[in-house]
Amino acid sequence: MMHQPKFLRLAGQAPLVTGSWKLVFQHPHDEGLLVKVVNREGNVSRSRKTWYKARPREGNLLPFSRELLEFVVAEANSNGRPSPIPRIVGLVETDLGLGLVVEKIRGRTGELATTLVDRLPQTGLTLKIEQMLAALIADINQRRIVLTEFRPRNIVIVDAGKKQSRLMLVDGFGDSSLIGLHSLSKFANTRRNLRKYRKTLRRLRLKNAESID
């Protein structure tokens with residue numbers, strides 16, 4: 001990986017992903033990295049929220065600090081195993097504001113890794129995918145990662161061979177509670193994470209059954 005510049009120009013470049021609070025760009029100088037910046041237009045409506053959510057110390061950058069914390073926690077509890085969330089490289093100034101530089105999870109030919117949203121219409125909910133989902137949530141809970149959501153659009157397939165394929169969560173993590181309850185309590189966090197996992201699994205199974213019928 002090359003030395004990271006202190007300033008990046010992103011304006012004029014089409015984002016790879018447009019979310020409600022962030023824009024995700026290809027890193028201009030490294031094919032293996034992405035740059036996340038705040039989606040200022042998408043955050044306008046957030047100013048109407050309760051004062052402690054709309055005006056935290058970190059402002060619109062609060063999701064960045066949550067991601068950073070979860071990455072640190074995940075690495076601290078890795079025991080040498082591959083991470084279930086992307087590696088964070090650092091922060092960089094850009095012409096669109098402060099950027100979070102993260103690992104780009106890629107497919108075999110270098111493109112963005114396929115999400116479950118894109119894969120399931122092709123394969124259906126197979127036993128292997130269910131097993132990988134179970135392994136993913138188990139790893140997340142073992143590392144005490146706090147989830148905000150557990151949705152197929154945020155889960156990608158890392159194809160490293162048929163026997164080594166696994167799932168990773170590329171978004172939807174970080175403690176958004178006011179007092180950080182789920183960061184403090186492993187029991188509460190595990191229970192909440194499992195609820196999100198089971199809810200997603202039920203929906204996927206129902207959708208899969210409907211497609212078969």
Side-chain angles (χ1 to χ4, degrees), residues 1-76 78 82-115 117-118 143 145-158 168-177 180 183:
M1 184 176 60
M2 66 176 294
H3 174 72
Q4 293 302 309
K6 295 182 179 180
F7 183 86
L8 296 177
R9 297 190 182 278
L10 301 176
Q13 180 179 331
L16 299 178
V17 178
T18 300
S20 59
W21 73 265
K22 70 176 180 301
L23 301 173
V24 182
F25 292 89
Q26 173 62 53
H27 193 292
H29 309 302
D30 194 323
E31 281 295 320
L33 299 175
L34 301 174
V35 185
K36 298 182 180 182
V37 297
V38 170
N39 182 353
R40 296 177 183 178
E41 293 184 5
N43 275 278
V44 171
S45 62
R46 295 174 182 266
S47 62
R48 300 187 181 93
K49 288 186 176 182
T50 309
W51 68 268
Y52 60 79
K53 292 183 179 179
R55 302 174 67 88
R57 179 167 58 97
E58 297 91 340
N60 287 335
L61 296 174
L62 181 58
F64 284 177
S65 63
R66 291 172 180 162
E67 282 196 35
L68 281 164
L69 177 58
E70 296 311 307
F71 172 71
V72 170
V73 171
E75 287 298 292
S78 69
S83 177
I85 61 176
R87 178 172 51 91
I88 293 179
V89 175
L91 298 168
V92 64
E93 290 291 339
T94 82
D95 53 359
L96 297 179
L98 187 65
L100 184 69
V101 182
V102 302
E103 174 188 12
K104 180 181 180 181
I105 308 303
R106 297 187 283 183
R108 294 184 182 181
T109 59
E111 77 286 357
L112 282 174
T114 303
T115 67
V117 164
D118 294 326
R143 297 181 195 237
I145 296 172
V146 180
L147 299 180
T148 53
E149 57 184 21
F150 191 76
R151 298 184 181 182
R153 68 185 183 190
N154 295 331
I155 299 171
V156 301
I157 300 173
V158 182
M168 289 184 67
L169 187 70
V170 296
D171 203 359
F173 44 87
D175 197 342
S176 59
S177 62
S183 296

Do side-chain atoms of T148 reach the backbone of G172 as a donor and acceptor pair under 3.5 angstrom?
-> yes

Using a 4.5 Å cut-off on heavy atoms from C-beta on, say whether the side chain of V73 contacts that of R143.
-> no

Mind listing the closest non-hydrogen atom pair of V146 and S183 along with its distance?
-> CG2-OG, 3.9 Å

What's the verdict on side-chain contact (heavy atoms from CB on, under 4.5 Å) for L68 and L100, showing C-alpha distance, side-chain angles and the deciding distance?
-> CA-CA 9 Å; L68 281 164; L100 184 69; 4.1 Å; yes

What closest approach, in Å, do G99 and V35 show between heavy atoms, and which atom pair accounts for it?
-> CA-CG1, 4.0 Å

Pairwise distance CG(L147) to CG(L169) - rounded to 0.5 angstrom | 6.0 Å

Flag the pair P28 / Q13 as yes when at least one side-chain heavy-atom distance between them is below 4.5 Å, and no otherwise.
-> yes

Does the R40 side chain pair with the main chain of L96, one donor and one acceptor, at a distance under 3.5 Å?
-> yes

Closest non-hydrogen atom pair between K36 and F64, with its separation | O-CZ, 3.2 Å

R87 and F71 have their tightest heavy-atom pair at CA-CE1, 3.3 Å

Single hit among H27, E111, Q26 for side chain to side chain donor-acceptor pair (under 3.5 Å) with K104 | Q26

Closest heavy-atom pair, G19 versus N39, reported as atoms and distance to 0.1 Å, is O-ND2, 2.9 Å

Between the CD atom in E103 and the CG atom in L33, the distance rounded to the nearest 0.5 Å is 8.5 Å

One should read off an interatomic distance between L91 CG and L98 CG, to the nearest 0.5 angstrom, of 5.0 Å

How many angstroms lie between atom CG of D171 and atom OG1 of T115, to the nearest 0.5 angstrom?
-> 12.0 Å

Is it true that a side-chain atom of D95 and a backbone atom of L10 form a donor plus acceptor pair closer than 3.5 Å?
-> yes

Tightest non-hydrogen contact, residues G174 and R66, listed as CA-CB, 3.9 Å

Any chance you could measure I145, atom CD1, to I85, atom CD1, to the nearest 0.5 Å?
-> 4.5 Å

Measure the CZ-CG distance between F25 and L34 for me, rounded to the nearest 0.5 Å.
-> 11.0 Å

